[in-house]
Amino acid sequence: MNHYEQLVPLHAQSRPVVMDADSGRRDYIVTRALSMHYGERQVLRDISLQVAAGRITALIGPSGVGKSSLLACVNRLTDMLPGAHVNGELRVGGVDASHAATDVIALRRRVGMIFQKPNPFPLSIWNNLAFPLREHGVRAKSQLTEAITTALQEVGLWGEVKDRLHAAALSLSGGQQQRLCMARALALQPEALLMDEPCSALDPIAVGVVEELIARLRGRYTMLIVTHNLAQARRLADDVALLWPRDGAGELVEQGPAAHLFDSPRAAVTAAYLRSERI
Amino acid sequence: MVRAAQRNPSANSVSDRIAGKSLTLAALLVAALILWVVVDVLWQGAGRLSWEFVTTAPSDVGRAGGIAPMLVATMLILAVCLAAATPMAIATAIWLAEFAAAGRALRLSLDVLAGMPSIVFGLFGYVFFVHMLGLGFSILAGGLTLACMVLPVVTRACEESLRALPDGYRLGCAALGVSRAATLWRLQLPAAMPGLAVGIVLGIGRALAETAALLYTSGYVDRMPTSFSDSGRALSIHIFDMSMNVPGGDRGAYGTALVLLVMLIGINAVVFAISTWWSETRLEQA
């Protein structure tokens, strides 16, 4: 028996994702008229975003436009931010996730998150993965071993740490820590990954390794990645969505396949934003 | 500009050196002061110290005999104090650090309480525990009064150590669908344990040193206490009594002070050992 069976059965809860009859495209994350406030201040306005299943969608836009906030809306991490208030519709994997009664623990199991700064727990490498697995009901040692080994192999860390699984995770390098955090998320067998500038705190070599890993995971997970780095968005993204501030709040000005958006943007601000990067 | 730039390095180095030297001097002064107290207590108290001293009851109003009843009373008072204050302090600290964005009023009142003279706590304990709750002059009344006194100090220290943890633990756990309770119990509390131990040690220090608040809550009967409802004389009160009320009691006071000092160091060592062990095993089993 593998460890999936110990985890909450995901597909029992999921309903078919939104299907577009014309293109056969399935959207895993869909927001409609999503707005967010911090106290009185509006940070996101009327966001209607579609993130296609199994593809990499890059969320781009200037600093402070609310990209990270939008990411936090998707896994409802906004519930934990003091003063944050979200309206509008959010569907994840075909399930309404915007409701107060939504099981956020189950939602967050299905939608993993990678933070800007690697955040390994002050535990051993092994326990960084075992701790969340145990909390989700995987207790048998053999299943833990299998899940942890698989996840570490998936992120290409296994060869580097297999002889020191009980060493402190904080003793790893920055790039290794970030891959450990990805392994920790992947060990829970999520369907989607939210990544908040996962490479911005890493050195160039580590960036290359992590980008390669993200590209390798394409097709197996739905990925929504916030990035400041347009070159990275070009390298990685299948789809791109651009947020732009208007009256202090981020609005979604354009979204579509990366090739279309980069080569023939429809909105004037997109064109200007992309041009500014080339200069 | 050029002249200033030329002059500055030497001016800086002189003022730097003066500042550095005065800081060193200040630090040495503090260390010397502490050393003086310890050496004085050791010097004057060591002669009095013996196995008999810590295991027998006093005689001749403390000039002869030992301090066994006070030692037991002090430990019992401290036990009551810690048993009441620690869980409450840690629970309040968790609430303040994790759940109460608007805990300002409570935080402010804790800070005010922390600065309150201990005699005020004593008066409160006398009115509330001794009379209203009818506990009389007892170890229970004294311990609970001390608990009220150390609560703000321990709570604030625990809150600070929880707040000092990186936000990545809390958000990282949440993003992995780990419940808030498990995050706290398995990760945050063990990781904050060294800080919590410092808070508890601060509380122990204050409780062991306390005299005023105990005078009219636990009393100063120097018999061996047989229960928590017995009156008992704490070591600090014994020191006060020996040095102020008993002619020729100085040597006994110094001996008692030495025992108190050793006890404080011993208990602190035990607290740190337990906290390190608990933190390590918890994090290992997370």
Side-chain angles (χ1 to χ4, degrees), chain A residues 7-8 39 68 71-72 74-84 103-124 126-137 166 168-170 177 180-181 184-190 193-196 201, chain B residues 92-107 158-198 272 275-286:
Chain A
L7 293 169
V8 186
S68 299
L71 223 52
V74 176
N75 70 348
R76 292 277 298 270
L77 218 54
T78 42
D79 292 12
M80 299 191 62
L81 306 176
D103 179 357
V104 291
I105 300 269
L107 171 70
R108 290 172 187 160
R109 245 228 54 221
R110 302 165 59 193
V111 182
M113 190 176 217
I114 311 299
F115 293 81
Q116 187 170 357
K117 203 168 149 252
N119 60 344
F121 301 137
L123 309 170
S124 64
W126 169 273
N127 273 327
N128 257 278
L129 278 77
F131 166 46
L133 279 165
R134 284 199 195 101
E135 290 306 314
H136 286 286
H166 295 284
L170 292 165
Q177 288 188 8
L180 181 73
C181 294
R184 191 170 65 186
L186 295 180
L188 297 176
Q189 292 293 323
L193 285 179
L194 307 173
M195 290 181 264
D196 191 355
Chain B
T92 312
I94 291 172
W95 184 78
L96 279 173
E98 294 297 316
F99 300 95
R104 266 186 63 198
L106 181 59
R107 226 169 265 133
C158 293
E159 187 204 345
E160 288 311 320
S161 71
L162 281 169
R163 269 184 198 284
L165 296 179
D167 232 13
Y169 295 175
R170 206 164 57 90
L171 294 177
C173 278
L176 288 162
V178 173
S179 70
R180 217 147 171 194
T183 306
L184 252 171
W185 185 241
R186 304 219 171 260
L187 200 65
Q188 288 174 297
L189 278 180
M193 199 61 218
L196 302 188
V198 168
F272 279 122
S275 79
T276 310
W277 168 81
W278 189 78
S279 164
E280 278 171 4
T281 45
R282 271 269 142 222
L283 290 178
E284 211 29 66
Q285 289 162 1

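Here is how names work: the chains are called A, B, and so on, in the same order as the sequence lines, proteins then strands, and each is numbered from 1. Note that the structure is a prediction, hence the values are computed from the model and not measured.
- Summarising the geometry, atom SG belonging to B:C173 is positioned 7.5 Å from atom CZ belonging to A:R184; distances are rounded to the nearest 0.5 Å.
- Between A:E135 and B:A182, the closest heavy-atom pair is OE1-CB, 3.1 Å.
- Taking the side chain to side chain contact (heavy atoms under 4.5 Å, CB included) definition, one finds that A:A201 meets it with A:P118, sequence neighbours left out.
- The part of B:A191 that comes within reach of chain A is its side chain, from C-beta onward, which places non-hydrogen atoms under 4.5 angstrom from that chain.
- Looking at A:V104, there are no atoms closer than 4.5 Å to chain B (heavy atoms on both sides), in backbone or side chain.
- Taking all atoms of both residues into account, the shortest heavy-atom contact from B:L187 to A:P122 is CD1-CD, 3.9 Å.
- Here CG of A:L123 is found 11.0 Å from CZ of B:R186. Values are rounded to the nearest 0.5 Å.
- Residues passing the ring-ring contact (aromatic ring centres under 6.0 Å, His included) test with B:W185 are B:W278, sequence neighbours excluded.
- Residue pairs meeting the salt bridge (charged side-chain N to carboxylate O under 4.0 Å, His left out) criterion with at least one partner in residues 187-196 of chain B, sequence neighbours excluded, do not occur; the list is empty.
- When all heavy atoms are compared, the tightest approach of A:M113 to B:A175 is CB-CB, 3.8 Å.
- Listed here is the closest heavy atom pair of A:M80 and B:A174: SD-CB, 3.1 Å.
- When side chains are defined from C-beta on, A:F121 counts as touching B:L176, because their heavy atoms get closer than 4.5 Å.
- Interface residues of residues 160-171 of chain B toward chain A, defined by a heavy-atom distance below 4.5 Å and sorted by number: B:G168, B:Y169, B:R170, B:L171.
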